[in-house]
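Here the structure is laid out as structure tokens; the discussion comes afterwards.
Chain letters run A, B, ... following the sequence lines, proteins first, then strands; residues in each count from 1.
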2 protein chains.
Amino acid sequence: MSNVYDPKSSSYVDRSKRHSNGAAKALLEVMDRKKSNLCVSVDVAQKQSFLTIIDTVGPYVCLIKTHVDIIEDFDDQLLAELKALSERHDFLIFEDRKFADIGNTVKLQYAKGVHKIANWAHIVNAHPVPGPSIVEGLASVGLPLGRGLLLLAEMSTKDNLATGEYTTRAVQMARQRPDFVIGFIAQRRMETIGSHDTSHGEDFLILTPGVGLDVQGDGMGQQYRTPKHVITEAGCDVIIVGRGIYGNGDDVDAIRKQAQRYQADGWKAYLDRLSK
Amino acid sequence: MSNVYDPKSSSYVDRSKRHSNGAAKALLEVMDRKKSNLCVSVDVAQKQSFLTIIDTVGPYVCLIKTHVDIIEDFDDQLLAELKALSERHDFLIFEDRKFADIGNTVKLQYAKGVHKIANWAHIVNAHPVPGPSIVEGLASVGLPLGRGLLLLAEMSTKDNLATGEYTTRAVQMARQRPDFVIGFIAQRRMETIGSHDTSHGEDFLILTPGVGLDVQGDGMGQQYRTPKHVITEAGCDVIIVGRGIYGNGDDVDAIRKQAQRYQADGWKAYLDRLSK
């Protein structure tokens, strides 16, 4: 088995060399550089609160996950400030758009509208449910800009339908476009799904939502696991944490402490995995 | 079998009485009043073009389907004009948002952001993939406003994943919330899916995309069927037509003629079904 490549036992920086996609390379490099596998999900409806949280957690994260479509006072200035924070604090931006339409529509949703997502989001995600045409539509916009796509192969909500054959077909769709599909939103590694050949050096980025240190659920179907479960045991790569970090309002000291705590916990879980 | 209720052999106006949801009732009533089962999907990126198309096709449709997130010069004035057109021409508005996130996030996406969809869209749709929490999240915003939800039980794209058990579970999710889930985006009737009891009077609205009279495909995975296939044979209720109506630019006479043609063809297909 010594010749079989296993992303779980490889360092983020070594894995960056296996990806041809610029966004995947950049993310793995920043994870190594900042010693962080923490992505903070910033789900607030006011621009000032959005920017304050990002400025506070920025030094401790590899990635900021956004839902710009929930921000009521969204404008072009917000995008300019978001880009500036991304450069100042050295993180990538992941717009959690969950594209889920036919190819021709997602092209327009990705490139156009007031949000112009392709202009500023290094990474976006999509549901595989429409079939391969969704990946083709997004790739036609994103690849020329060096962007990367994650597919939602699994979800963390109760009684979700992204299981079994659905998950397998999501992975098969990703394999058809390794230049653009850089990995998955999932709860475990995906290289062995739907494949009998694990020796060809496949490496997917696995970003995992539903991570929390203090809570079990939100009463609306979201279920939580710890960084140890997600990184050390399940072998995922990036922990996505939202309300666990800024759930107590805009007290920047409290937010900073939570971000530091999750960064340390996530990185320890990664080092524990490498030393296994 | 004479005691078994069958939506396919009932008139739209009779069926309106079986729905408790206000948006479902209103849609079936306007279909009867205007003799139209035509929904025009307006997928353009400029406000003026968007409003011109809607003003042109308005008299011939029961429903306008929008993707406001692709409109580059979207603003509050557009929403005011869209609402005014809806009242002047007597049609409902369906924002084809394809919500696909966890309950807490879709609540925000539905109510907030620059688009404030719940304020003006009588009907929205969602993918069932996150499980029942997506319906609960959307219902908490939409029900107090009298809105209705369609689930995507099937898709019309090539090699899509909304098949088999996925479709069955979508229908089961709808049955849990008949006050809010008014029907499906699908290619056929759904009452018999996952149920051995067809006598309890279930009535879903079936809205069907991928309808065209002149084309076979768009080269990006979209496949087309005619109104006869969709309404008469498959028993669906509303035909959704997009580029088949305004694909040749903004020539309002050409657009009007196409809308009249699809309205007539769709209504004939419905009358043919009733007379079977």
Side-chain angles (χ1 to χ4, degrees), chain A residues 41 43-45 67-75 96-105 107-117 126-134 136-137 140 152 155-162 164-166 169-170 173 209-210 218-222 242-243, chain B residues 41 43-45 67-75 96-105 107-117 126-134 136-137 140 152 155-162 164-166 169-170 173 209-210 218-222 242-243:
Chain A
S41 170
D43 301 340
V44 294
H67 280 296
V68 292
D69 58 349
I70 69 173
I71 301 174
E72 302 193 289
D73 48 355
F74 172 92
D75 57 14
D96 186 8
R97 174 60 179 76
K98 294 186 173 67
F99 290 106
D101 214 311
I102 64 174
N104 193 64
T105 301
K107 275 171 63 175
L108 298 170
Q109 291 172 325
Y110 191 16
K112 294 184 183 286
V114 295
H115 297 127
K116 294 180 181 58
I117 295 168
H127 282 290
V129 62
S133 62
I134 189 169
E136 297 307 313
S140 72
L152 286 122
M155 293 193 78
S156 57
T157 40
K158 191 158 180 284
D159 294 332
N160 75 78
L161 311 190
E165 179 67 11
Y166 184 102
R169 291 183 60 188
M173 279 171 58
D218 71 351
M220 291 202 67
Q222 177 72 299
R243 286 165 281 173
Chain B
S41 170
D43 300 340
V44 293
H67 280 296
V68 293
D69 57 348
I70 69 173
I71 301 175
E72 300 191 291
D73 48 356
F74 172 92
D75 56 16
D96 186 7
R97 174 59 178 77
K98 294 186 174 68
F99 291 106
D101 214 311
I102 65 174
N104 192 64
T105 300
K107 275 171 64 176
L108 299 170
Q109 291 172 325
Y110 192 16
K112 295 185 184 285
V114 295
H115 297 127
K116 294 179 183 58
I117 296 167
H127 283 289
V129 62
S133 62
I134 189 170
E136 297 307 313
S140 72
L152 286 121
M155 294 192 79
S156 57
T157 40
K158 189 157 181 281
D159 294 333
N160 75 78
L161 311 188
E165 178 69 11
Y166 184 102
R169 291 182 62 188
M173 280 172 57
D218 70 351
M220 292 202 66
Q222 176 72 299
R243 284 165 281 172

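Taking both residues in full, the closest heavy atoms of A:V129 and B:Y166 are given as CG2-OH, 3.7 Å, listed atom of the first, atom of the second, then distance. Of all the heavy atoms in B:I70 and A:K112, the pair that sits closest is O-CB, 3.7 Å. Between A:V114 and B:V114, the shortest heavy-atom distance links the atoms CG2-CG2, 3.8 Å. A:K98 and B:D101 make their closest contact through NZ-OD2, 2.8 Å (heavy atoms, listed as atom of the first residue, atom of the second, distance). Nearest approach of B:R169 to A:N160, heavy atoms of both residues: NH2-O, 3.6 Å.
Neither the backbone nor the side chain of A:D75 comes within less than 4.5 Å of any heavy atom of chain B. Only the backbone of A:I71 has a heavy atom closer than 4.5 Å to any heavy atom of chain B.
Side-chain N or O atoms of B:T157 include one that pairs as donor or acceptor with a backbone N or O of A:P130 at under 3.5 Å. B:H67 places no side-chain N or O within donor-acceptor distance of the main-chain N or O of A:T105, the cut-off being under 3.5 Å.
Residues A:R97 and B:D69 form a side-chain contact, since some pair of their non-hydrogen atoms from C-beta on lies under 4.5 Å apart. The shortest side-chain heavy-atom distance between A:E72 and B:K116 falls under the 4.5 Å cut-off. In this structure the side chain of A:M173 never reaches within 4.5 angstrom of the side chain of B:D159, judged on heavy atoms.
Put simply, of A:V68, A:D96, A:L161, the one with the most heavy-atom pairs under 4.5 Å next to chain B is A:L161. When each of A:P128, A:A170, A:A111, A:A45 is scored by its heavy-atom pairs under 4.5 Å with chain B, the top score falls to A:P128.
Between the CG atom of B:D43 and the NZ atom of A:K107 there is a distance of 12.5 Å, given to the nearest 0.5 Å.
Using a 30° and 60° split on the angle between ring planes, A:H115 and B:H115 fall in the perpendicular class, above 60°.
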